[in-house]
Trainee: 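The structure's right below; bear with me while I get my questions together.
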Amino acid sequence: MAKSCSTSPTSTNLVLLILVAALWPLSTTTEALKPRITNIQFYMHDIVGGPNPTAVQVAGRLSNITSSDPIASSFGSIFVMDNPLTATPDINSTLMGRAQGLYAMSSQQNEFSLLMTLTYAFVSGPYNGSSFSVVGRNPVMNEVREMPIVGGTGIFRLARGYCLAKTHSMAGFDAVIGYNATLIH
């Protein structure tokens with residue numbers, strides 16, 4: 001005579017409970033690993049002239065950037081910046097943060113190109129206390145320039161992505177640049 005193999009409701013519930021407990025961390029870990037995408041738009045005010053510049057030359061040729069051929073005479077020059085980031089092109093609009101870093105005049109001929117290495121540090125709004133960094137080539141005479149985002153802090157920890165820069169206005173060598181950044185973090 002064959003014995004029937006039946007499982008009690010208690011042992012079935014125990015097996016299900018163990019299975020759910022074992023798989024639960026996998027489902028929450030998968031959700032936590034999904035990258036977030038954040039788009040930010042702001043304006044950077046690069047002021048090299050006047051009584052309160054936000055970007056100053058710290059190395060390079062002694063020639064003045066305002067000479068008759070600023071591209072040729074400024075090759076090799078390095079500037080340090082601490083530029084305000086605002087919500088609109090108006091410098092008196094909401095201060096979102098600061099762009100702090102270096103840019104170097106990196107092109108010798110027929111092109112005005114910078115090597116940018118800077119951090120956009122946010123001081124207000126939803127990104128307050130967070131930052132992201134950009135390192136890349138900026139061919140300033142192009143209408144739109146794309147630069148890579150290579151890292152970040154705070155909510156942008158381990159960020160990657162890109163930012164698009166477009167000159168909004170210029171007065172002499174002072175410029176307002178619109179940025180549209182796409183961050184994956």
Side-chain angles (χ1 to χ4, degrees), residues 38-61 63-71 73-107 111-156 159-183 185:
T38 301
N39 292 300
I40 306 173
Q41 184 175 357
F42 54 85
Y43 292 85
M44 182 179 79
H45 301 266
D46 189 50
I47 304 164
V48 295
N52 298 309
T54 62
V56 294
Q57 184 174 349
V58 295
R61 294 185 178 180
S63 62
N64 189 338
I65 192 168
T66 59
S67 71
S68 62
D69 187 2
I71 295 172
S73 67
S74 63
F75 172 70
S77 296
I78 298 172
F79 287 74
V80 173
M81 73 167 112
D82 183 10
N83 294 338
L85 305 176
T86 58
T88 72
D90 179 3
I91 195 160
N92 296 313
S93 66
T94 302
L95 180 69
M96 295 176 65
R98 311 288 303 179
Q100 299 171 325
L102 306 169
Y103 58 88
M105 307 300 185
S106 58
S107 180
E111 181 181 50
F112 190 34
S113 181
L114 306 174
L115 170 61
M116 309 285 291
T117 176
L118 66 144
T119 297
Y120 298 96
F122 294 92
V123 298
S124 68
Y127 313 118
N128 185 18
S130 297
S131 68
F132 66 86
S133 296
V134 168
V135 176
R137 183 174 175 270
N138 182 352
V140 241
M141 300 312 284
N142 290 0
E143 183 177 355
V144 177
R145 289 92 65 194
E146 181 177 343
M147 291 169 282
I149 295 171
V150 297
T153 65
I155 65 171
F156 300 131
R160 63 191 187 282
Y162 64 95
C163 61
L164 300 175
K166 183 176 182 180
T167 302
H168 180 269
S169 62
M170 284 196 73
F173 284 95
D174 295 348
V176 177
I177 299 102
Y179 279 86
N180 189 331
T182 301
L183 296 103
H185 54 101

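For this chain, numbers begin at 1 and follow the sequence in order.
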Trainee: Tell me whether Ser106 contacts the main-chain N or O of Ser113 through its side chain, where contact means a donor paired with an acceptor under 3.5 Å.
Mentor: yes
Trainee: Tell me whether the rings of Phe42 and Phe132 are parallel (<30°), tilted (30 to 60°) or perpendicular (>60°).
Mentor: tilted
Trainee: So how far is it from Arg145 CZ to Met116 CE, rounded to the nearest 0.5 Å?
Mentor: 8.5 Å
Trainee: Give a yes or no answer on whether the side chain of Ser93 reaches the backbone of Thr88 with a donor-acceptor pair at less than 3.5 Å.
Mentor: yes
Trainee: For the CE atom of Met141 and the OG atom of Ser107, what is their distance to the nearest 0.5 Å?
Mentor: 11.5 Å
Trainee: For the pair Ser77 (side chain) and Gly60 (backbone), establish whether a donor and an acceptor sit closer than 3.5 Å, ignoring hydrogens and angles.
Mentor: no
Trainee: His45 and Thr54: side-chain donor and acceptor closer than 3.5 Å?
Mentor: no
Trainee: Is there a donor-acceptor contact under 3.5 Å linking the side chains of Asp82 and Gln100?
Mentor: yes
Trainee: With a 4.5 Å cut-off on side-chain heavy atoms, are Thr119 and Ser133 touching?
Mentor: yes
Trainee: Could you tell me which non-hydrogen atom of Leu95 sits nearest to which non-hydrogen atom of Ser124, and how far apart they are?
Mentor: O-OG, 2.7 Å
Trainee: What is the minimum heavy-atom distance between Met96 and Ile40, and which atoms define it?
Mentor: CE-CG2, 4.2 Å
Trainee: If I compare all heavy atoms of Leu85 with all of Tyr120, which pair ends up nearest, and what's the gap?
Mentor: CD1-CD2, 3.8 Å
Trainee: Can you tell me how far the CZ atom of Arg98 sits from the CG atom of Asn83, to the nearest 0.5 Å?
Mentor: 7.5 Å
Trainee: So among Val150, Val134, Leu102, which one has a side-chain contact (heavy atoms from CB on, under 4.5 Å) with Thr117?
Mentor: Leu102
Trainee: Ile149 versus Phe156: any side-chain heavy-atom pair under 4.5 Å?
Mentor: no
Trainee: State, to 0.1 Å, how close Phe79 and Gln57 come at their nearest heavy-atom pair, and which atoms those are.
Mentor: CD2-N, 3.4 Å
Trainee: Determine the minimum heavy-atom distance between Met81 and Met44, stating which atoms define it.
Mentor: SD-SD, 4.2 Å
Trainee: Between Ile47 and Ile91, does a side-chain contact (heavy atoms from CB on, under 4.5 Å) hold up when you go through it step by step?
Mentor: CA-CA 11 Å; Ile47 304 164; Ile91 195 160; 3.9 Å; yes
Trainee: Below 30° counts as parallel, above 60° as perpendicular, anything between as tilted: where do the rings of His168 and Tyr43 land?
Mentor: perpendicular
Trainee: Can you check whether Asp174's main-chain N or O pairs, donor with acceptor, with Asp46's side chain at less than 3.5 Å?
Mentor: no
Trainee: Run the side-chain contact (heavy atoms from CB on, under 4.5 Å) test on Tyr103 and Asn138 for me, step by step, so that the C-alpha distance in whole Å, both residues' side-chain angles and the decisive distance to 0.1 Å come before the verdict.
Mentor: CA-CA 9 Å; Tyr103 58 88; Asn138 182 352; over 6 Å; no
Trainee: Working to the nearest 0.5 angstrom, can you tell me the gap between Asn92 CG and Thr86 OG1?
Mentor: 9.0 Å
